[in-house]
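Chain A is the first sequence line, chain B the second, and so forth, proteins listed ahead of strands; every chain is numbered from 1.
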There are 2 protein chains.
Amino acid sequence: MATIYEVSKLAGVSLATVSRVMNNNARVSDKTKQKVLDAMAELGYRPNSIARSLASSRSDSIGILVSELHGPFFGQMMAGIESELRAAGKHVIITTGHSEEDKEKDGIEFLISRNCDAIIAHVEAVSDEYLIELNEGKTPVYLMSRFVEELSEKCISLDNELGGYLATKAIIDNGHQKIAYIAGPQFKADASNRLLGHKRALKESNIEFNEDLFFIGDFKETGGSDGLRYLTKQNEQFTALVCANDEMASGAMKYAREHGFRLPEGLSIIGFDNVIFANYLYPTLTTIDNPVNSMGHMAAKLVLKDVYQKKKLEIERVFEPTLINRHSVANHNN
Amino acid sequence: MATIYEVSKLAGVSLATVSRVMNNNARVSDKTKQKVLDAMAELGYRPNSIARSLASSRSDSIGILVSELHGPFFGQMMAGIESELRAAGKHVIITTGHSEEDKEKDGIEFLISRNCDAIIAHVEAVSDEYLIELNEGKTPVYLMSRFVEELSEKCISLDNELGGYLATKAIIDNGHQKIAYIAGPQFKADASNRLLGHKRALKESNIEFNEDLFFIGDFKETGGSDGLRYLTKQNEQFTALVCANDEMASGAMKYAREHGFRLPEGLSIIGFDNVIFANYLYPTLTTIDNPVNSMGHMAAKLVLKDVYQKKKLEIERVFEPTLINRHSVANHNN
DNA sequence: TTGAAACTTCGTAAATGGTGGCCATTAATT
DNA sequence: AATTAATGGCCACCATTTACGAAGTTTCAA
């Protein structure tokens, strides 16, 4: 690969001038500029971004840490971040944390060691303290779907409590009283906040929270099927099932259909997240919209504003979930 | 952040010795080694992988280029690659090409400029010639889901023609004769090969390919719904619809249900890819399994073998698709 | 017992491919 | 002639790797 040195030689200018042309941060006459560009083209020169980054301690790349690379949730999130940043000429370096503390830390340290200009992380296993300390380092860290008081300026989050409330409220408004709940892993803040919202909605309608109608799943399809199997064995009737995410809802729907429930007449189900395929399930899934893609865009904008000094960007840090009515909830009123 | 220099000072040894301890590629006495390790721990030292990469022109990271970050297909692919590489202590840098030539090239050049030790790319828009030339550079490039004769050693691909054949064959075996086809964008090799397979199956059963029962979609849900709308307006009867991927199949199913088709009695639909949610559609989607996750693992193994000299890995370069029978195809025999 | 060969262990310094500050030089403008 | 714009030339610097070679230590045959 050609180096800047060869370019300068071919163009008959100095190293500094080539660097100036590349970064166009200093005045260079059009004529010399053209000579340099021609030389670059002729040599097929591509700046070595590693060397560049080492010398300037910038990298024009942003690290992203997600729990998993697959699944509709993270896909939408990454896509949102990437498209916004790419439009601004920045690149993205993605790695995973698998919701395990060690791996999350490892991933973050990798991103830091790659001189990322900023990190956007969706972390679930590391502590708030760790994140606070991390933020004192030279690489700013932004958090997706997590709210840490001390870092409130750097969090893009969803009001999960409100979402949990809206889901259960929608069920209650349709006349249900016996309501089961399949939660997500409680160490995840999203999951525990959704549960809080669920409890608030119950309380507001004077429905008692019933431990026998409660199951903690894994946020995957199996969590939904396992959960529903467990719940049906508790000798407690219920007409509706609130699932803490759509994947568990789809698992529950499948299990329900295979075990003779009529949907939604026999069992109403509501999900959370409004992932793409919620609209393709049968019956189409009533759920709570989680605007992850927009949140990804917003996180990227926040980085552009803070780190790259793009001034006039409007930042919105807390997103509100909304109810998406489809056909998986039956009306039991009248 | 502490540097190697500070570590060497604290440990009372030279820079080189610290480097040796880090890479343990040269003999260092246990005593000095311990001193160095202690100093590292005390300073919380983390090697700067950028500097390291510049000096050694290795990076222990592999570039991945996918078309999109979202969607079940790429998610599974990335996850497969990443988990295999991570287990080997390598990191992954992901970027996107959006199926556009410029962006794909840009992405590849970014990865090269980041000193990736290898690139695993799922590219659709760039030409074979470009890829061949690319491979003469110092960064080896591996191709996912694409077969280029000259680079056959570096391609992990699916026999899409066979898959296309199997799908249509399955439909024909169920007694269908009037078969519509919604293809993917024909500049994508996957899509055009699947179509070839479809035509082969038709020919084998002496069914003529009918232009009025053919639509080119975008590989997304809209492609399926738009396609089915178009097809129903052609005044040609058909009892089965072959879709070149599951997402279009789901779009078609939705459109069909909304327009009064009974599934699968009124219209049989088969997909391709066997993405996660195919199993959650209603009716569950009969489709062709595309083992992307395994292919991702295999691509990673290939890199480990070629680039990092892990010898005893078994490599399988061409994967065979298989038919997954579920409930979206009705039997019209007898 | 001894001394040279062989091997360990570790330091020095160059190299990696750029950035960016400073000052000097040259050319164009006023 | 003085000012200003457009370069060139130099050099320190970024954090690390790695050839080279200099000590120090072992081994072993004479």
Checklist entry - Out of dA15(D), dT16(D), dG8(D), which has the shortest distance to the side chain of Leu54(A)? => result dA15(D)

Checklist entry - Heavy atoms under 4.0 Å, any strand shown: does Val13(B) hit a base, just sugar-phosphate, or nothing? => result sugar-phosphate

Next on the checklist: Check this one for me: any side-chain N or O of Ser19(A) less than 4.0 Å away from OP1 or OP2 of dT19(C)?
Outcome noted: yes

Checklist entry - If each of Met22(A) and Gly12(B) is mapped to the nucleotide of DNA chain C with the nearest heavy atom, which maps nearer the 5' terminus, i.e. the 5' end? => result Gly12(B)

Checklist outcome for this item: Which of Glu42(B), Gln34(B), Met40(B) passes side chain to side chain contact (heavy atoms under 4.5 Å, CB included) with Asp38(B)? Answer is Gln34(B)

Checklist entry - Can you tell me how far P of dG17(C) sits from NZ of Lys138(B), to the nearest Å? => result 7 Å

Next on the checklist: With no hydrogens and no angle check, just 3.5 Å: does a side-chain donor-acceptor pair link Arg86(A) and Thr96(B)?
Outcome noted: yes

Next on the checklist: For a quick test of reading the model: is some side-chain N or O of Ser57(A) closer than 4.0 Å to OP1 or OP2 of dC14(D)?
Outcome noted: no

Item to check | Asn25(B), CG: over 12 other non-hydrogen atoms inside 6.0 angstrom | outcome: yes

Next on the checklist: Without decimals, in angstroms, what is the distance between Ile4(B) CD1 and dT16(D) P?
Outcome noted: 5 Å

Checklist entry - Taking the side chain as C-beta and beyond, is there a heavy-atom pair between Lys105(B) and Val126(B) under 4.5 Å? => result yes

Checklist entry - Is a side-chain donor or acceptor of Asp60(B) paired with a backbone partner of Lys90(B) at a separation under 3.5 angstrom? => result no

Item to check | First encountered from the 5' end of DNA chain C, between Arg20(B) and Ala55(B) | outcome: Arg20(B)

Next on the checklist: Can you give me the bend angle of the helix from dT1(C)-dA30(D) to dT30(C)-dA1(D)? Use the axis through the first five pairs and the one through the last five, nearest 10 degrees.
Outcome noted: 40°

Next on the checklist: What is the distance, to the nearest angstrom, from the CD atom on Glu6(B) to the P atom on dT16(D)?
Outcome noted: 10 Å

Checklist entry - Between Ser14(B) and dG11(C), does any side-chain N or O lie under 4.0 Å from OP1 or OP2? => result yes

Checklist entry - Expressed in angstrom and rounded to an integer, what is the separation of Asn115(B) atom CG from dG18(C) atom P? => result 10 Å

Checklist entry - In terms of side-chain heavy atoms, does His70(B) have a donor or acceptor partner in Gln76(A) at a distance below 3.5 Å? => result no

Checklist outcome for this item: When rounded to whole Å, the CG to C1' distance for the pair Leu15(A) and dC13(D) reads 15 Å

Checklist outcome for this item: Whole-Å distance, Asn25(B) CG to dT9(C) P, equals 14 Å

Next on the checklist: Distance check needed: dT16(C) P versus Tyr5(A) OH, whole Å only.
Outcome noted: 12 Å

Checklist entry - Counting side-chain heavy atoms from C-beta on, which of dT19(C), dT18(D), dG17(C) comes nearest to Arg58(B)? => result dT18(D)

Checklist entry - Side chains of Asn115(A) and Ser53(A): donor-acceptor distance under 3.5 Å anywhere? => result yes

Next on the checklist: Donor-acceptor check, side chain of Arg317(B) to backbone of Glu153(B), threshold 3.5 angstrom: yes or no?
Outcome noted: yes

Item to check | Which residues share a ring-ring contact (aromatic ring centres under 6.0 Å, His included) with His91(A), sequence neighbours left out | outcome: Phe110(B)

Checklist entry - Hey, can you pull the residues of residues 26-51 of chain B with a non-hydrogen atom under 4.0 angstrom from DNA chain C? => result Arg27(B), Val28(B), Ser29(B), Thr32(B)

Checklist entry - Should Arg52(B) be listed as having a side-chain N or O under 4.0 Å from OP1 or OP2 of dA15(D)? => result no

Checklist outcome for this item: Exactly one candidate in Asp128(A), Asn160(A), Asp190(A) meets side-chain hydrogen bond (donor to acceptor under 3.5 Å, both in side chains) with Arg146(A); the answer is Asp128(A)

